[in-house]
**Student:** 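Take a look at the following structure, please.
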Amino acid sequence: MSSLSGIPLSVLDLAPVSTGSSASDAMHNSIDLAKRAEALGYHRFWLAEHHNMPGIASSATAVLIGQVASATERIRVGSGGVMLPNHAPLVVAEQFGTLEAFHPGRIDLGLGRAPGSDQRTALALRGSAAALSANDFPNQLEELVGYFTHDPARAVSAVAAEGNKPPVWLLGSSGFSARLAGMLGLPFSFAHHFSAQNTLPALQIYREAFRPSEVLDEPYAMLGVAVVCAETDEEALYLAGPSALTFLSLRHGRPIPLPSPQDAADYPYTEMDRQFVADRMESSIVGSPETVHKGFESLLADTGADELMVTTMVHGHADRVRSYELVAGLNTA
């Protein structure tokens, strides 16, 4: 499929913390954005689990999902994703069973196997070095899903989860989760926004491995896409500068809050830095509505994605809201 018409658009939010603001500001901005996204017709609003990053406030993902779902009425709300190796499957089942009980038919449980943090933070989350491996992910997933149905033979029950199972998605940036999602007949969300070189191979693996299930008759693939849309290409590129600089700083081992566009423009980039930023921006769709529309059409033609999940990391909340407003208009133009 190559046309944007009829393709669901969704939101991936990281509750970005900008310089001069607080984590509390970021979380309240996320709730405001979710309300606006619902009014604009976006299909889902997912929140991502990241830890120990000064520019991201969505670490208590299940808690924030509950707040967003309570502040909205129709939009699906979920995790993009919960990093399952960071948590006991029982706890995730109880959390998302509770969310589904409060908001039936509106919760999505997106699961990933990456740490969503550095190794020291992963160790703090998991409590032991032995738990740092993500190789047990398929078994963790099986245990988690099992808690949503009652099994009298099981010694431990997740009371809040039983009968309250939300749709389960697998998230990935490589082929592992793509293959597993296909084998299990689950929907798959790929992180194109930070692993663009793996997008086409992962989608091919997912589709080739897919087996129909009680969940899906055929593959369903969603792409996470970094987008900044503004009135002009020049303005959009200016607003996109802070996101690129935060990734550069993270690469240098110095995670930072989202800087202002002017600070990003004034940063003393080396030639190697500029190349990194250029490579990073290559997978992003940045520009005027016309430019973004062309970018979407090209991406859909290349990938055949069934849904696009837009993530927009800019310094100002008003600029972020405006970007989502302009993108929403592309589906009705």
Side-chain angles (χ1 to χ4, degrees), residues 1-2 4 7-14 16 46 48 50 53 55-56 80-81 110 112 114 116 171-178 188-207 221-230 233-252 255 258 261 264 267 269 271-315 319-320 323-324 326-327 330:
M1 183 175 293
S2 61
L4 186 59
I7 294 290
L9 294 177
S10 295
V11 176
L12 175 63
D13 182 38
L14 281 68
W46 280 9
H50 291 281
M53 294 187 182
I56 297 175
L171 282 60
S173 57
S174 64
F176 181 94
S177 293
F188 177 57
S189 180
F190 186 80
H192 176 78
H193 54 299
F194 63 79
S195 189
Q197 71 278 10
N198 289 326
T199 300
L200 294 179
L203 291 180
Q204 182 176 354
I205 289 170
Y206 171 58
R207 289 165 177 150
M222 177 166 65
L223 294 184
V225 189
V227 177
V228 177
C229 192
D233 287 350
E234 292 74 19
E235 182 185 0
L237 287 167
Y238 181 67
L239 294 176
S243 179
L245 181 54
T246 58
F247 270 92
L248 177 64
S249 297
L250 184 62
R251 185 194 189 205
H252 291 326
L258 208 58
Y267 184 82
Y269 297 93
E271 196 56 41
M272 188 175 295
D273 290 341
R274 293 188 185 282
Q275 186 58 53
F276 175 85
V277 168
D279 291 344
R280 167 71 192 169
M281 296 294 289
E282 191 174 351
S283 64
S284 301
I285 300 178
V286 178
S288 66
E290 181 182 3
T291 298
V292 171
H293 188 273
K294 289 178 181 177
F296 279 165
E297 294 280 0
S298 176
L299 183 61
L300 289 169
D302 290 342
T303 65
D306 300 290
E307 186 170 341
L308 298 178
M309 178 162 272
V310 175
T311 182
T312 299
M313 297 285 281
V314 296
H315 182 270
D319 292 324
R320 192 158 70 117
S323 181
Y324 280 109
L326 293 171
V327 169
L330 302 179

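Just the heavy atoms: all of them, side chains too, but no hydrogens, waters or symmetry mates, feed the values below.
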**Student:** Rounded to the nearest 0.5 Å, how far does CE of M313 lie from NE2 of H193?
**Tutor:** 9.5 Å
**Student:** Do L9 and L4 touch side chain to side chain, with heavy atoms closer than 4.5 Å?
**Tutor:** yes
**Student:** Can you name the nearest heavy-atom pair linking S177 to G172, along with the distance?
**Tutor:** CB-CA, 4.1 Å
**Student:** Are any of the side-chain heavy atoms of R320 and D13 separated by less than 4.5 Å?
**Tutor:** yes
**Student:** Supply the atom-to-atom distance H293 NE2 to L330 CG, rounded to the nearest 0.5 angstrom.
**Tutor:**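 With rounding to 0.5 Å, NE2 (H293) is 6.0 Å from CG (L330).
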**Student:** For the side chain of D306 and the backbone of M222, is there at least one donor-acceptor N/O pair under 3.5 Å apart?
**Tutor:** no
**Student:** Kindly write out the residues that satisfy side chain to side chain contact (heavy atoms under 4.5 Å, CB included) with A178, not counting sequence neighbours, or none if the list is empty.
**Tutor:** F188, A202, I205, Y206
**Student:** Quick one: which of L171, V11, T311 gives a side chain to side chain contact (heavy atoms under 4.5 Å, CB included) with W46?
**Tutor:**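 That would be L171.
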**Student:** Regarding T246 and S249, do their side chains bring together a donor and an acceptor under 3.5 Å, going by distance alone?
**Tutor:**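 The answer is no; no qualifying pair exists.
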**Student:** Nearest 0.5 Å please: distance from the OG1 atom of T303 over to the CG atom of L203.
**Tutor:**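 That separation rounds to 6.0 Å.
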**Student:** Does atom CD (E290) have a neighbourhood of more than 12 heavy atoms from anything else shown, all under 6.0 Å?
**Tutor:** no
**Student:** Donor-acceptor pair, S284 side chain versus V286 backbone, under 3.5 Å?
**Tutor:**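 Here the side-chain-to-backbone pair does not exist.
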**Student:** Does the side chain of Y238 come within less than 4.5 Å of D319's, by heavy atoms?
**Tutor:** no
**Student:** State, to 0.1 Å, how close V228 and A240 come at their nearest heavy-atom pair, and which atoms those are.
**Tutor:** CG2-CB, 4.0 Å
**Student:** To the nearest 0.5 Å, tell me how far F194 CZ sits from S283 OG.
**Tutor:**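 Those atoms lie 10.5 Å apart.
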**Student:** Please report the closest heavy-atom contact between I285 and F296, naming both atoms and the distance.
**Tutor:** CD1-CD2, 3.6 Å
**Student:** Looking at R207 and G304, what are the two nearest heavy atoms and their distance?
**Tutor:** NH2-O, 3.1 Å
**Student:** Report the distance from atom CG of L308 to atom CG of L299, rounding to the nearest 0.5 Å.
**Tutor:** 6.0 Å
**Student:** Quick one: pull up CG in L239 and OG in S323 and give me the separation to the nearest 0.5 Å.
**Tutor:**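 The CG atom of L239 sits 8.5 Å away from the OG atom of S323.
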**Student:** Restricting to non-hydrogen atoms, name the atom on L326 and the atom on C229 that form the minimum distance, rounded to 0.1 Å.
**Tutor:**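 The pair with the smallest heavy-atom distance is CB-SG, 3.6 Å.
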**Student:** Measure from the side-chain N and O atoms of T312 to the backbone N and O of V227, and report whether any donor-acceptor pair falls under 3.5 Å.
**Tutor:** yes
**Student:** Please give me the minimum heavy-atom distance between N198 and S173, naming the atom from each residue.
**Tutor:**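 Of all heavy-atom pairs spanning N198 and S173, the closest is ND2-O, 3.2 Å.
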**Student:** Has the side chain of S298 got a donor or acceptor atom that lies under 3.5 Å from a matching backbone atom of G295?
**Tutor:**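 Side chain of S298 to backbone of G295: no pair is present.
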**Student:** Suppose we screen for side chain to side chain contact (heavy atoms under 4.5 Å, CB included). Which residues come up paired with Y267, at least two apart in sequence or across chains?
**Tutor:** L245, L248, R254, Y269, D273
